[in-house]
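This report concerns only the one structure given below.
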Amino acid sequence: MSGRPHGSDVGPPAARAKLTAPRIADMKRRGEIIAAVTAYDFPTARLADEAGVDLLLVGDSLGTVVLGYETTLPVTVGDVLHHTRAVTRAKPAALVVADMPFLSYQVSPEQAVANAGRFVQEGGADAVKLEGGERVVPAIRRLVEIGIPVMGHLGLTPQSVLAFGGYKVQARGEADQERLVNEARMLQEAGCFSIVLEGIPSRLGGQVSRALEIPTIGIGAGSACDGQVLVSHDLLGFFLGRSPKFVRRYADVAGTVRDAMSRYVSDVKSRAFPSEEESY
Ligand code: KIV
């Protein structure tokens, strides 16, 4: 039935100890590699958690892969909150990180506290992520001070797409590489428990990872990072456009959905569906 409670008939959440931000930070010291993925809904969160994912990111990438925007810039606090709630309802053992959207933390540290507080208090998030280096340090310090774990994000930060002039690999030059390493150190010093490194040369990904005590989680930043993250729709092949070079597709969900939908349409039109067994 269309209104049946899908969420309540899928069994209890997996019996894994809850991953906390300090536990994620500690994985680097223990030499454990961090497997992270984005999740925007209850079933994806539950299935990824069952598969042993360590960290679920409710990324603002939901704007492009779920809501159909061209960039992440139109995504609002309300959008991320809505999807964070769906993810935390899955009660995952994985750490849930809510991504702070454009203009939800850049105005002032107070604004960052008010919005991050909503993700934790109303969304049930375990931590938040925000993009940028030196300019966001005051906001990170305030959040950490009041007890909200923060993940940093450097390199090809998609909220700066207009300034970058497109989605281009960042920090190819020596000066930019030096700046990125310094900013990574600043984020660590400000209290971040980990940092996403996106769209940078692999060698730089390795250099930053060696320079920090906190883990780096790479996306298009090479294999030397302390963990990897992919957008779930990219790794599942549930995407209508082209995927970037760094994506490895583990499934062809778009193909499966297309095929299932066209067989359904054909069965309905030919009256092959529903059958006697599917009727009351
Ligand atoms: O929004 C997102 O999904 C992200 C990842 C790409 C790291 O920020």
Side-chain angles (χ1 to χ4, degrees), residues 24 34-41 44-45 48 53-77 79-84 86-87 94-106 115-116 119 123 125-133 136 140 149-161 164 166-171 180 184 187 192-200 205 208-209 214-222 225-236 238-239 241-249:
I24 292 287
I34 299 161
V37 75
T38 65
Y40 319 107
D41 58 53
T44 308
V53 163
D54 300 303
L55 187 153
L56 294 169
L57 172 66
V58 187
D60 63 354
S61 51
L62 71 89
T64 52
V65 298
V66 176
L67 302 179
Y69 294 129
E70 300 262 315
T71 71
T72 57
L73 298 178
V75 175
T76 64
V77 168
D79 292 331
V80 176
L81 195 53
H82 176 77
H83 289 272
T84 301
V87 166
L95 187 85
V96 177
V97 180
D99 207 4
M100 300 199 63
F102 182 57
L103 280 190
S104 72
Y105 58 93
Q106 292 93 338
N115 286 321
F119 292 131
D126 302 310
V128 298
K129 174 172 86 57
L130 47 83
E131 297 183 6
V136 292
I140 294 172
V150 181
M151 181 179 228
H153 188 162
L154 292 172
L156 202 186
T157 44
Q159 291 173 20
S160 300
V161 62
F164 293 155
Y167 296 100
K168 299 171 184 167
V169 174
Q170 296 298 301
L180 194 141
L187 297 190
C192 284
F193 70 93
S194 69
I195 300 177
V196 168
L197 296 177
E198 178 166 357
I200 58 170
V208 176
S209 305
I214 58 171
T216 58
I217 302 191
I219 173 161
C225 294
D226 304 302
Q228 298 291 328
V229 61
L230 278 180
V231 169
S232 52
H233 286 58
D234 284 340
L235 84 86
L236 295 172
F238 193 15
F239 195 64
R242 264 168 32 110
S243 295
K245 168 183 163 141
F246 58 75
V247 168
R248 185 178 293 180
R249 277 196 184 185

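Indexing begins at 1, ligand by ligand and atom by atom, following the structure's order. Keep in mind the model is a prediction, meaning the values are calculated, not measured.
Heavy-atom contacts of D99 reach the following atoms of ligand 1: 1 (O), 2 (C), 8 (O) (cutoff under 4.0 Å). Using a 4.0 Å cut-off to heavy atoms of G59, the atoms of ligand 1 that qualify are 1 (O), 2 (C), 3 (O). Every atom of ligand 1 with a heavy atom of T38 under 4.0 Å away is listed here by number and element: 3 (O).
Closest to atom 3 (O) of ligand 1 among all protein heavy atoms lies S61 OG, 2.5 Å. Considering only non-hydrogen protein atoms, atom 6 (C) of ligand 1 sits nearest to I219 CD1, 3.6 Å. When hydrogens are left out, the protein atom nearest atom 8 (O) of ligand 1 is K129 NZ, 3.0 Å; that is the closest non-hydrogen contact.
Only the side chain of H153 comes within contact range of ligand 1, with a heavy atom under 4.0 Å; no backbone atom does. Contacts with ligand 1 closer than 4.0 Å are made by heavy atoms of both the backbone and the side chain of D60. Contact annotation: for L57 versus ligand 1, heavy atoms closer than 4.0 Å belong to the side chain alone.
The two residues T216 and S209 come nearest to each other via the heavy atoms OG1-OG, 2.7 Å. The heavy-atom pair separating H83 from L67 by the smallest distance is NE2-CD2, 4.4 Å.
In this structure the side chain of V231 reaches within 4.5 angstrom of the side chain of Y40, judged on heavy atoms. By the 4.5 Å heavy-atom criterion applied to side chains, C192 and I214 are counted as neighbours.
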Solution key, residues 154-161 side-chain donor-acceptor pairs under 3.5 Å, sequence neighbours excluded:
from : atom 1 : to   : atom 2 : distance (Å)
Q159 : OE1    : Y105 : OH     : 2.9
Q159 : OE1    : Q106 : NE2    : 3.3
Q159 : NE2    : D60  : OD2    : 2.7
Q159 : NE2    : M100 : O      : 3.0

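Atom CG of L56 sits about 9.5 Å away from atom CG of D126, to the nearest 0.5 Å.
Not a single ring-ring contact (aromatic ring centres under 6.0 Å, His included) links F239 to another residue, sequence neighbours left out.
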